Amino acid sequence: MVDLLSGDRLSALTSIESLGDLGDLIVSAAALREAAEAIAPLAQGEPVDDPRSLAKPLSVWLRAAGNQTKSIKRELTEFAAKEASSRAEAEILAARRGRLDAIRAEGIDPFPYSFDGQEPIADVRAAHAELEAGAETQRTHRVAGRLASRRGQGGMSFLDLVDRTGRIQLQATSDTLDAKQFALLGDLVDLGDLLGVEGRAFVSQRGELTLQIASVEILAKALRPPPDKRHGLQDADAKYRRREVDLLSSEASRATFIARSRIVAAFRRELGDDGFLEVETPILQTLYGGAAAEPFVTFHNALDRKLYLRIAPELYLKRCLVGGLERVFEIGKNFRNEGLSPKHQPEFTSIEWYEAYAEYHAAADRTESLIRAAADAAGYDYEAEGAIRFDRPWRRVTFVDAVQEATGIDLLAHFQAQVGDGQYEITDDNGDPTGAVVDQDEFLRSAVRAKPKLAKQIADLDSLSWPQLADELLGTFVEPSLIQPTFILDHPVELSPLAKRHRTIDGLTERWEAYANGQEIANAFSELNDPDEQRRRFEAQQRYSESGDAEAQPYDESFVQALEQGMPPAAGVGVGIDRLVIMLTGSSTIRDVILFPALREL
RNA sequence: GCCCCUGUAGCUCAAUUGGUUAGAGCAGCGGACUCUUAAUCCGAAGGUUGAAGGUUCGAUUCCUUCCGGGGGCACCA
């Protein structure tokens, strides 16, 4: 207590604007300061007249100290770092502030309201694409953007201006620009400032399209310097924490997010053109469902109840089908309370669409054409080395065949070996009965054990059930090899509680997962619409949950009641947008395609 | 959670493997320069080597703990 309250730390703490969320109690800096002052006599061992009056400030302070020691420590560190910021940095910042003051002293507003009539830099370039080196024109253009580079030469200088569409060179000469404006550019403008320029187009002797500046104005002063003009931001931490700095200094980074936007727009356009309705369903849900994952939990004060952030929009979108909307889609964030990795973020974007009166093969056809459209929109180069051929028909192979092909194991072999209800007799290498009679789970496990090379790579082999082991075999021996786009069809029913049973093969469902680049990118079913069957599936999930499966889906009675209202047969598809963007932009991690990714310290 | 790697000037990187006063480029500061584009040239400045301990005559370098970041395992899309 005394230590926490003593001198420097107290003043440091109370100088911080906000300490954030202290458990379920939000403590403002002011409230904390008040509490600290109130209990100061206690901490200093002075007599206290009315101890009860200290109860509240003390609890505020203890809460702050107890719940948030880590956060306080961090704030203190940052505060100390701020205080001790080096002279070099201080000088750089002071120089910019000095010029800000000088600009104001000139009677110029360093933060004006607008700059009208500007053209995208790419359009200016396009307008003069045919000109040769040394060519002059009389056309003037207005452009606006950030000053990225400057090459001064006394009475003349070249500057590079960057906007969202590209970069263009500007020339300032003391001959053609009035003295005040020339001095403004030379003495008061810094790299990183936002400028509006009007200038006449010509092509330099080295062949670079250039605008000779006729007038210039500062559109916003940058008080912090941009990163290294050649290398940009290299520090991964800074790139993600200060994305704005990454974006302003990296054309590649901007291109990634432009491509992302175009990919999402392509889905929206293609589905919209085909009569699909974009809808928005709850993100805060009273019960989560539609996928196997652990949810984030939150609390609504007015309703006095626990709420979950959705892990998928699936169940609500199916209710839209019940309601007759027939073709719906939703693009949005899902939230899963799981680990971070180059492929995983706690919030990620999916698109799901549902089409009444269609089944899963039709869904696969539509998925192929949608992703082709998305790839086209992103400008994906199908011919590049190692490119994923989204432009060709995708391979389609069943779950069972894919596992058979990769491992030699027939997941359905037990059907031929059935000797009683749920009883199967193991055969030897020649197919002769061995006399060992086991259940379905053990039948498959023994088949895997017979191949020691495979068995070695499966953890906890002995505890896996038939569906779990089947999934494991696919994940371990098939998935990593699926570089070119592939549909894996017909998954075990236990893994697919929301999919219709396969119309001919017992134990399987009408489901597919699409893979590319060794990753799952889409998942679809012929949607289960028999409410009684759905009820039984949920009950089975409940049993898995009770036996310790944290990801089993909860029983959603109101969803079953919606099905009782009558849901048309339908196909539903979910596509992971982030992973698709990773592939289509050649990025290597999900953090590179999410503007402000969650980092380890969330 | 566990394992491995990593943190040097505002930015991008060095430092002969433990050895004198931690060096460059960019940016910034002072100066020169009217076709440059990584502009060039001259000058001065900029560092508690993430933090705290320890070992040592001597630590950016080795050890411990803590704080960031990256990769891997497990879970997951």
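What you see is a predicted model; the values in this text were computed from it and never measured. The sequence lines fix the lettering, A, B, ..., with proteins before strands; numbering per chain opens at 1.
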Of all the nucleotides listed (B:rC11, B:rU37, B:rG28), which has the minimum atom distance to the side chain of A:R150? B:rG28

Judged by each residue's nearest nucleotide on RNA chain B, which is more toward the 5′ side, A:R99 or A:G207?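 Of the two residues, A:R99 wins.
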
Expressed in whole Å, how much space separates the C1' atoms belonging to B:rG18 and B:rG54?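 The same atom, C1', in both gives a distance of 16 Å.
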
Look through every strand shown and name the nucleotide pairing with B:rU40 as Watson-Crick or G-U wobble, where both distances are under 3.5 Å.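 Check on B:rU40: paired to B:rA32, both distances under 3.5 Å.
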
Please report the distance separating the P of B:rG7 from the corresponding atom of B:rU64, rounded so that it comes out in whole Å.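 Between the two P atoms, the distance is 16 Å.
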
Would you mind reading off the distance between A:D592 atom CG and B:rG70 atom P, rounded to a whole angstrom?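 So the CG-P distance, A:D592 to B:rG70, works out to 11 Å.
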
How is A:S149 classified with respect to the nucleic acid when contacts are heavy atoms under 4.0 Å: base, sugar-phosphate, or nothing?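 Result for A:S149 = sugar-phosphate.
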
In whole angstrom, give me the gap between the C1' atoms of B:rC11 and B:rU56. 35 Å

Atom-to-atom span, CZ of A:F158 to P of B:rU34 - whole angstrom: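 Value for this atom pair: 12 Å.
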
Separation of A:K239 atom NZ from B:rG70 atom P, in whole Å?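 Computing the A:K239:NZ to B:rG70:P distance gives 12 Å.
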
What does A:Q345 touch in the nucleic acid at a heavy-atom separation under 4.0 angstrom: a base, only the sugar-phosphate, or nothing? base

Hey, is B:rU49 sitting syn or anti, using the within-90° cutoff around 0?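 This nucleotide is in anti.
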
Winner on side-chain proximity to A:Y240, out of B:rG70, B:rU34, B:rA27, is B:rG70

A:L159 and A:L185: side chain to side chain contact (heavy atoms under 4.5 Å, CB included), yes or no, with the steps? CA-CA 10 Å; A:L159 308 94; A:L185 268 178; 4.0 Å; yes

Counting the atoms with a prime plus P, OP1 and OP2 as sugar-phosphate, which does A:P342 contact under 4.0 Å by heavy atoms, base, sugar-phosphate, or nothing?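 The answer is sugar-phosphate, as A:P342 gets under 4.0 Å only of primed atoms, P, OP1 or OP2.
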
Nearest to the side chain of A:M156 - B:rU34, B:rG28, B:rG70?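 Of all the options, the side chain of A:M156 is nearest to B:rU34.
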
Taking any heavy-atom pair under 4.0 Å as a contact, classify A:F335: base, sugar-phosphate, or nothing. nothing

Any N or O donor-acceptor pair linking the side chain of A:T173 to the base of B:rU34 at under 3.5 Å? no

Within the structure shown, what part of the strands sits under 4.0 Å from A:R591 by heavy-atom distance: base, sugar-phosphate, or nothing? sugar-phosphate

Heavy-atom donor-acceptor pair, A:S157 side-chain to B:rU36 base, under 3.5 Å: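 Flag unset: no donor-acceptor pair detected.
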
NZ/NE/NH1/NH2 to OD/OE distance under 4.0 Å, A:K343 and A:D578: no

Could you check which of B:rG71, B:rG28, B:rU34 has an atom nearest any side-chain atom of A:T589?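 The answer is B:rG71, which lies nearest to the side chain.
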
C1' gap between B:rU21 and B:rU60, integer Å: 15 Å

Which is true for A:G134 with a 4.0 Å heavy-atom rule: it touches a base, it touches only sugar-phosphate, or it touches nothing? nothing

Give the rounded distance in Å between these two atoms: CZ of A:F182 and C1' of B:rC33.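 About 11 Å, once rounded to whole Å.
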
Partner of B:rG25 by Watson-Crick or G-U wobble geometry, both contacts under 3.5 Å, or none? B:rC11

For the pair made of CZ in A:F348 and C1' in B:rC75, what is the distance, rounded to whole Å?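 Going from CZ in A:F348 over to C1' in B:rC75 covers 14 Å.
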
Figure out the CG/P separation between A:D175 and B:rC33, and round it to whole Å.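 A:D175 atom CG is separated from B:rC33 atom P by 14 Å.
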
Short side-chain N/O contact to B:rC35 OP1/OP2 from A:R206, under 4.0 Å: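 The answer is no; no side-chain N or O of A:R206 sits under 4.0 Å from OP1 or OP2.
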
Taking B:rU61 as the reference, what is the distance to B:rU20 when you measure between their P atoms (whole Å, please)?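 Roughly 14 Å separates the two P atoms.
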
By nearest atom, which of the nucleotides B:rA27, B:rC35, B:rU34 is closest to the A:L191 side chain? B:rA27

CZ of A:R151 versus P of B:rA27: gap in Å, rounded? 11 Å

Whole-angstrom distance between B:rU34 and B:rU16, as gauged at atom P: 44 Å

Will you find, in the side chains of A:S465 and A:E494, an N or O donor that is under 3.5 Å from an N or O acceptor? no

Hey, does A:E208 reach any base, or is it just sugar-phosphate, or nothing, if we go heavy atoms under 4.0 Å? base

A:H128 and A:H141 have their tightest heavy-atom pair at NE2-NE2, 2.7 Å

How far does the P atom of B:rU49 sit from the matching atom of B:rG10, given to the nearest Å? 12 Å

State plainly whether the residues A:E106 and A:R104 are in salt-bridge range, i.e. N to O under 4.0 Å.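 No, this pair does not count.
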
Determine the interplanar angle of the A:F296 and A:F335 rings, folded into 0 to 90°, and report it as parallel if under 30°, tilted if 30 to 60°, perpendicular if over 60°.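 Aromatic pair A:F296/A:F335 classed perpendicular.
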
Would you mind pulling out the nucleotide paired to B:rU64, Watson-Crick or G-U wobble, both distances under 3.5 Å? B:rA52

In this structure, how many angstroms lie between the C1' atom of B:rC75 and the CZ atom of A:F296, rounded? 13 Å

Quick one: do A:R395 and A:E368 make a salt bridge, cutoff under 4.0 Å?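 Judged by the 4.0 Å cut-off on N to carboxylate O distance, A:R395 and A:E368 do not form a salt bridge.
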
Think A:Q153 has a side-chain N or O under 4.0 angstrom from the OP1 or OP2 of B:rC35?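 The answer is yes; a side-chain N or O of A:Q153 sits under 4.0 Å from OP1 or OP2.
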
Hey, are A:R99 and A:D187 close enough for a salt bridge, meaning a charged N less than 4.0 Å from a carboxylate O?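 Between A:D187 and A:R99 there is no salt bridge, as every charged N stays at least 4.0 Å from the carboxylate O atoms.
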
Donor-acceptor pair under 3.5 Å, A:Q169 side chain vs B:rU36 base: yes

With both distances under 3.5 angstrom, what nucleotide forms a Watson-Crick or G-U wobble pair with B:rU20? none

Between B:rC41 and B:rU36, how far is it from one C1' atom to the other, in whole Å? 15 Å

